[in-house]
Amino acid sequence: MKFKAVKGTRDFYPDRMAMRNYLAETWRAVSLRNGFVEFDGPVLEYLDLFSVKSGDEIASQLFSFTDRGGRALAMRPEITPTLARMVNAQINSLPRPIKWFSLPRLFRAENPQKGRLREFFQWNIDIIGSDSVLADAECIFTAIDCLREMGLSADDVGVRIGSRPLTVAALRLAGVDDSAMEPALAALDKRPKVSPDAFAEMAVAAGIPADSLDKLCAFQDAEGLSDVAASLGEGDANSAGEIAKLESLMGYLDNMGVGDYCKLDLRIVRGLAYYTGIVYEIFDAAGSLRAVAGGGRYDNLLKLFGGPEVGATGFGMGDAVLEILLAEKEKLPDLSAGLDCFVIDGESNLLEKVLEVVGRLRQGGIAADFSAKRQAVGKQLKEANRRNARYAIILRADTVGIKNLATGEQTDMSIDEFLEKPLAYIKISDNPFL
RNA sequence: GUGGGUGUAGCUCAGUUGGUUAGAGCACCUGGUUGUGGUCCAGGGGGUCACGGGUUCGAAUCCCGUCAUCCACCCCA
């Protein structure tokens with residue numbers, strides 16, 4: 001073969017396309033029933049848009065180019081900058097809180113590996129214009145609502161919830177200066193992935209005093225909020241407020257009936273610097289995969305993009321890991337598309353009749369097709385079977401046999417009688433992805 | 001960007017210490033029961049063995065390079 005798909009991209013043959021549509025349609029349906037409205041922006045943005053909040057490291061993982069007008073452009077690696085740009089442009093006319101979702105196609109020029117591709121789809125949920133922890137609760141609920149809709153229980157996936165402000169408070173208490181906060185947070189973020197010794201080495205290199213590591217670990221490993229409060233000591237009023245937020249968050253999630261999916265876990269820090277409050281990641285129970293989703297509060301972001309200071313919170317869920325997880329848990333639905341009716345000419349010279357019946361059925365919203373070849377009934381039934389049809393409509397000069405291919409039952413009547421109201425005799429597919 | 005594994009038919013894979021015309025199953029196509037399916041039977045198409053170079057009388061097989069893919073690191077928006 002001379003031409004191949006580009007590294008890190010996927011060809012969506014019909015089976016796979018059906019799966020992609022299933023994810024997209026479920027994401028969309030869940031978003032809408034949670035009160036979010038859909039938006040989208042261009043795949044291409046000015047390169048500058050992505051350097052505002054991210055450094056050069058990120059820029060090196062972008063697909064970027066200069067167009068014929070000399071503009072430095074990039075294919076979007078995430079939708080949040082576009083969201084910020086769009087919201088900022090109309091912030092004064094948008095009723096708050098803004099509850100928007102998007103299903104963007106994204107591109108990142110990194111090396112592909114399990115659950116990571118160069119081109120992928122992501123579900124983004126954001127609430128802008130609310131400082132309340134209720135907004136965080138709504139986002140988390142929406143994520144769980146989706147996973148539950150797809151058949152994943154609290155035994156399959158869990159939301160681990162941490163807090164940036166509390167983690168910062170713990171680091172301050174450990175003697176880390178505010179100017180050294182970012183590398184210290186980065187070190188804590190890596191802790192779950194490395195050995196205790198390696199973590200200690202990394203932490204000290206990041207400027208965390210060695211003699212405070214035990215206390216920091218105890219803080220991160222706290223099982224409950226009272227433990228957290230204890231490890232922060234008397235602390236400041238701010239920390240007490242953050243602990244209260246986590247408490248009401250957990251309460252709200254309980255109220256909405258998804259408390260069993262959620263767990264306090266202060267080891268969740270998130271890599272990015274812009275998070276300002278509650279942060280969370282969703283993992284498979286075994287913890288063998290990458291995060292299915294991740295998000296949190298980012299109150300400074302709109303201002304960073306030239307807008308006002310407004311509260312914002314949200315998450316992103318990629319398609320790659322989700323699909324792997326659903327496959328592992330055997331929760332992928334059977335999406336084999338089938339026809340409602342396969343129309344067969346049961347005698348010779350009936351093509352005109354076949355076309356008439358097919359036309360009428362299709363017009364009535366019934367998925368109908370017929371054989372490209374005029375051949376024996378047996379062959380055509382075989383084809384109907386291969387096409388996964390629910391009914392074979394076998395035509396003769398004046399009568400029609402309606403055969404249920406699953407049960408083998410067949411009823412005969414006049415063609416006119418059938419076409420009068422075909423739905424009285426057949427049950428059409430309720431598969432919306434047909 | 002770095003490191004390791006793997007590249008044989010559309011898919012999953014065989015292919016014996018290098019030896020003549022490269023195989024199977026599934027899928028696909030055609031035909032068989034003068035016509036009501038999923039089975040069965042017979043036949044068929046399809047591979048420059050990822051690509052390029054080297055060693056050899058001879059390479060799918062050994063060596064080098066390139067590319068792709070998978071896994072991991074970096075990073076993770």
Side-chain angles (χ1 to χ4, degrees), chain A residues 1-11 13 15-16 45 49-62 74-84 104 106-118 120 122 124 126 186 189-190 193-194 198 202 269-275 279 281 288-296 298 301 304 314-318 320-321 324 342 344-348 350 371-396 400-412:
Chain A
M1 262 309 185
K2 202 163 185 176
F3 297 107
K4 296 180 195 167
V6 170
K7 181 188 185 80
T9 65
R10 293 166 287 183
D11 287 331
Y13 285 88
D15 284 356
R16 188 151 243 255
E45 291 278 9
L49 187 73
F50 303 115
S51 4
V52 171
K53 80 172 205 199
S54 335
D56 293 343
E57 176 83 31
I58 296 289
S60 74
Q61 301 198 335
L62 288 176
M75 298 177 81
R76 63 185 180 195
E78 56 169 329
I79 192 80
T80 309
T82 301
L83 170 68
L106 305 176
F107 303 84
R108 298 178 184 175
E110 52 193 356
N111 254 346
Q113 54 189 292
K114 191 175 187 183
R116 274 176 91 173
L117 298 159
R118 289 186 164 189
F120 59 98
Q122 195 180 66
N124 267 83
D126 291 279
D189 184 42
K190 293 215 169 61
K193 297 165 76 175
V194 300
M202 204 180 274
V269 177
R270 305 274 303 148
L272 225 67
Y274 67 71
Y275 287 107
V279 288
E281 293 183 350
S288 58
L289 299 174
R290 276 168 204 293
V292 177
Y298 51 95
L301 197 68
L304 194 62
F315 71 84
M317 180 184 292
V321 176
I324 293 169
F342 194 80
I344 291 169
D345 39 355
E347 294 173 6
S348 48
L350 280 183
S371 179
K373 286 172 291 191
R374 318 275 46 90
Q375 55 186 349
V377 173
K379 291 286 185 198
Q380 295 195 59
L381 277 165
K382 205 173 272 199
E383 188 174 344
N385 208 57
R386 203 171 52 228
R387 294 289 296 277
N388 213 356
R390 297 156 76 86
Y391 296 89
I393 309 299
I394 305 165
L395 302 181
R396 292 179 209 292
V400 58
I402 296 137
K403 187 180 177 75
N404 182 321
L405 288 168
T407 64
E409 286 168 39
Q410 181 172 339
T411 44
D412 290 83

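Lettering follows sequence order; numbering is per chain, from 1.
Note: NZ (A/K193) to C1' (B/rA72) measures 11 Å, nearest angstrom. Rounded to whole Å, the distance from CZ on A/R290 to C1' on B/rC75 is 10 Å.
A/K114 has its side chain out of reach of A/R290: every pair of non-hydrogen atoms, C-beta onward, lies at least 4.5 Å apart. Looking at A/Y274 and A/L304, their side chains never come closer than 4.5 Å, going by heavy atoms from C-beta outward. The shortest side-chain heavy-atom distance between A/M75 and A/L62 does not fall under the 4.5 Å cut-off. Taking 4.5 Å as the limit, every side-chain heavy atom of A/Q61 sits out of range of all side-chain heavy atoms of A/P77. Side-chain contact between A/R118 and A/V6 is absent, with no heavy atoms from C-beta onward closer than 4.5 Å. A heavy-atom distance below 4.5 Å is found between the side chains of A/E383 and A/Q375.
Of the candidates B/rC76, B/rA77, B/rG1, B/rA77 carries the atom nearest the A/R270 side chain, counting heavy atoms from C-beta on.
Across all strands shown, B/rG44 forms a Watson-Crick or G-U wobble pair with B/rC28, both key distances being under 3.5 Å. Base pairing of B/rG1 is made with B/rC73, judged by Watson-Crick or G-U wobble geometry with both donor-acceptor distances under 3.5 Å. Pairing for B/rC57 is with B/rG19, a Watson-Crick or G-U wobble pair whose two hydrogen-bonding atom distances lie under 3.5 Å. The partner of B/rC67, taking Watson-Crick or G-U wobble pairs whose two distances both stay under 3.5 Å, is B/rG7.
Residue A/G318 is classed as having no contact, given no heavy-atom separation below 4.0 Å to the nucleic acid.
Here the separation of B/rA24 from B/rG31, taken at their P atoms, is 23 Å to the nearest Å. As rounded to the nearest Å, B/rC62 and B/rG18 have P atoms that lie 8 Å from one another.
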Heavy-atom protein contacts under 4.0 Å, nucleotides 29-37 of chain B, coded B base, S sugar-phosphate only, - none: -S----BBB
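The shortest distance between the side-chain N/O atoms of A/R116 and the OP1/OP2 oxygens of B/rA72 is not below 4.0 Å. The shortest distance between the side-chain N/O atoms of A/K190 and the OP1/OP2 oxygens of B/rC75 is below 4.0 Å. A close approach under 4.0 Å does occur between a side-chain nitrogen or oxygen of A/K7 and OP1 or OP2 of B/rU69.
Residues A/K114 and A/Q122 both approach RNA chain B. Their nearest nucleotides, taken by heavy-atom distance, put A/K114 toward the 5′ side.
Remark: A/D126 engages A/L83, A/N124, A/Y298 in a side-chain contact (heavy atoms from CB on, under 4.5 Å) (not counting sequence neighbours).
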